[in-house]
Amino acid sequence: MKKMLEENTYSQSSWRMIIKRFKKHKLAVISLCFLCIMVILAIFAPVIAPYDPNKVTGSFGKPPTWEHWLGTDQIGRDMLSRLLYATRCSLLVGFAATIISTIIGVVLGLVSGYFGGIVDNIIMRITDTIMSFPYILLVLVVAAIFEPGLWNIILILGLVDWPGVARLVRGSVLSLRETDFVKGDIVAGMPKRYILFSEILPNTIAPVLVYATTVFATSILDEAALSFLGMGVQPPTASLGNILNGAESITILTSKFWLWIPAGTIVILLVISINFIGDALRDAVDPTA
């Protein structure tokens with residue numbers, strides 16, 4: 001009991017120190033506030049959006065007015081409403097794909113690093129094989145094989161992004177496996193499940209969180225790219241990528257800025273914000289890096 005209390009106190013102190021270091025990065029704090037605002041807008045899109053995102057509400061390609069703050073698209077749908085729902089969709093893809101890839105990578109990394117031997121060889125060879133393919137080419141090929149759609153894109157990105165997490169966790173486990181507290185648990189006959197998930201895993205959480213921010217940002221960009229190419233989220237469901245798909249025409253690019261600049265700006269700001277948060281987390285977790 002005393003050991004558990006000491007470990008809990010140490011853990012709380014470590015997280016307080018990480019938060020304190022994170023707050024020193026002003027851009028990261030601003031980025032976190034921006035990301036929280038975008039998440040709130042996305043969650044409450046059905047309440048905030050002035051119109052149904054798929055309903056024709058005005059003239060085709062109407063510029064911004066008091067009635068339609070961001071104008072209407074080429075078939076008369078309110079762009080502000082579609083943008084709110086598109087942000088919701090893209091954040092869902094990024095978050096869900098990050099969760100899937102992180103869970104797979106963490107589990108495989110723990111197993112590979114702790115057990116070693118043939119198990120490690122098999123998992124690492126699979127990891128190396130996936131990482132040997134050019135990333136964007138692999139995503140495009142897998143997306144072309146499966147039917148386009150929201151959940152398929154989430155699964156594709158989640159199943160393609162895990163190798164980096166697995167290698168990171170494996171490296172941490174290999175070093176932690178040689179520490180005194182893990183060897184003590186092994187000598188004491190503690191179950192492997194306890195050692196992996198109660199002793200080793202908590203010590204890999206911080207670097208995994210840092211890496212997960214990169215996966216999150218990459219997944220948002222990948223969704224936008226795939227949907228722009230018509231291989232991602234399919235209309236009428238709005239996503240930032242398929243909104244940008246309407247900017248293929250030179251006429252739209254030059255004379256109907258409201259159809260693509262807001263969506264493109266949100267993609268850029270989301271990715272920059274997540275990267276700032278990731279950089280600050282890295283410095284907060286390891287100030288000597």
Side-chain angles (χ1 to χ4, degrees), residues 34-35 38-39 41-42 45 49 53-54 56 60-64 68 70-98 100-101 133-161 213-275:
F34 170 76
L35 185 61
M38 296 307 298
V39 169
L41 290 176
N54 299 322
V56 177
F60 300 161
K62 185 178 181 181
H68 300 283
L70 294 179
T72 60
D73 64 10
Q74 292 171 298
I75 58 176
R77 297 172 296 189
D78 181 66
M79 283 300 298
L80 175 59
S81 301
R82 288 189 63 76
L83 199 61
L84 289 170
Y85 276 85
T87 304
R88 186 187 204 190
C89 179
S90 295
L91 284 174
L92 173 62
V93 171
F95 181 75
T98 301
I100 292 171
S101 62
F133 290 97
Y135 176 78
I136 191 62
L137 179 61
L138 179 61
V139 172
L140 288 171
V141 169
V142 177
I145 294 173
F146 295 95
E147 182 180 350
L150 174 61
W151 296 109
N152 279 351
I153 291 304
I154 289 174
L155 289 174
I156 289 168
L157 295 179
L159 294 174
V160 167
D161 285 333
T213 59
T214 302
V215 177
F216 191 13
T218 302
S219 296
I220 291 175
L221 282 175
D222 289 340
E223 182 281 321
L226 290 171
S227 297
F228 177 79
L229 296 172
M231 300 170 66
V233 179
Q234 299 297 294
T237 302
S239 79
L240 296 174
N242 61 30
I243 286 179
L244 289 171
N245 179 265
E248 290 180 331
S249 167
I250 190 64
T251 303
I252 292 175
L253 282 172
T254 56
S255 62
K256 297 184 177 182
F257 63 89
W258 62 90
L259 295 180
W260 61 276
I261 285 184
T265 301
I266 288 179
V267 171
I268 293 170
L269 291 178
L270 282 175
V271 173
I272 289 176
S273 297
I274 294 169
N275 285 333

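Judged by distance alone, with hydrogens and angles left aside, the side-chain atoms of W260 form no donor-acceptor pair with the main-chain N or O of I243 at under 3.5 Å. Within the 3.5 Å criterion, the main-chain N or O of T87 finds no donor-acceptor partner in the side chain of S90. In this structure, the side chain of T237 does not engage the main chain of V233 through any donor-acceptor pair within 3.5 Å.
Looking at M231 and L140, their side chains come closer than 4.5 Å, going by heavy atoms from C-beta outward. Between L157 and S101, every side-chain heavy-atom pair lies at or beyond the 4.5 Å cut-off. The side-chain heavy atoms of L270 and L91, taken from C-beta on, include a pair separated by under 4.5 Å. At a threshold of 4.5 Å between non-hydrogen side-chain atoms, the residues E223 and S239 count as touching. Residues R77 and P236 are in side-chain contact: their nearest non-hydrogen atoms beyond the backbone lie under 4.5 Å apart. Contact of the L70 side chain with the L259 side chain is not registered, since no non-hydrogen atoms from C-beta on lie closer than 4.5 Å. Inter-residue side-chain proximity for Y135 and D222 is flagged as met; some heavy-atom pair is nearer than 4.5 Å. Between T98 and S219, the closest side-chain pair of non-hydrogen atoms falls below 4.5 Å.
The CD1 atom of I272 sits 13.0 Å away from atom CG of L35, with the distance rounded to the nearest 0.5 Å. In this structure, the separation between CG on L244 and CD1 on I261 is 11.0 Å, given to the nearest 0.5 Å.
Applying the side chain to side chain donor-acceptor pair (under 3.5 Å) rule to pairs touching residues 141-156 yields nothing, sequence neighbours excluded. Within the structure, the salt bridge (Lys or Arg N to Asp or Glu O under 4.0 Å) test picks out the following pairs touching residues 78-90 (sequence neighbours left out): D73-R82.
Side chain to side chain, Y85 and N54 fail the donor-acceptor criterion of an N or O pair below 3.5 Å.
For K62, the salt bridge (charged side-chain N to carboxylate O under 4.0 Å, His left out) criterion is met by E67, not counting sequence neighbours.
Minimum heavy-atom separation, F95 to F216: N-CE1, 3.3 Å.
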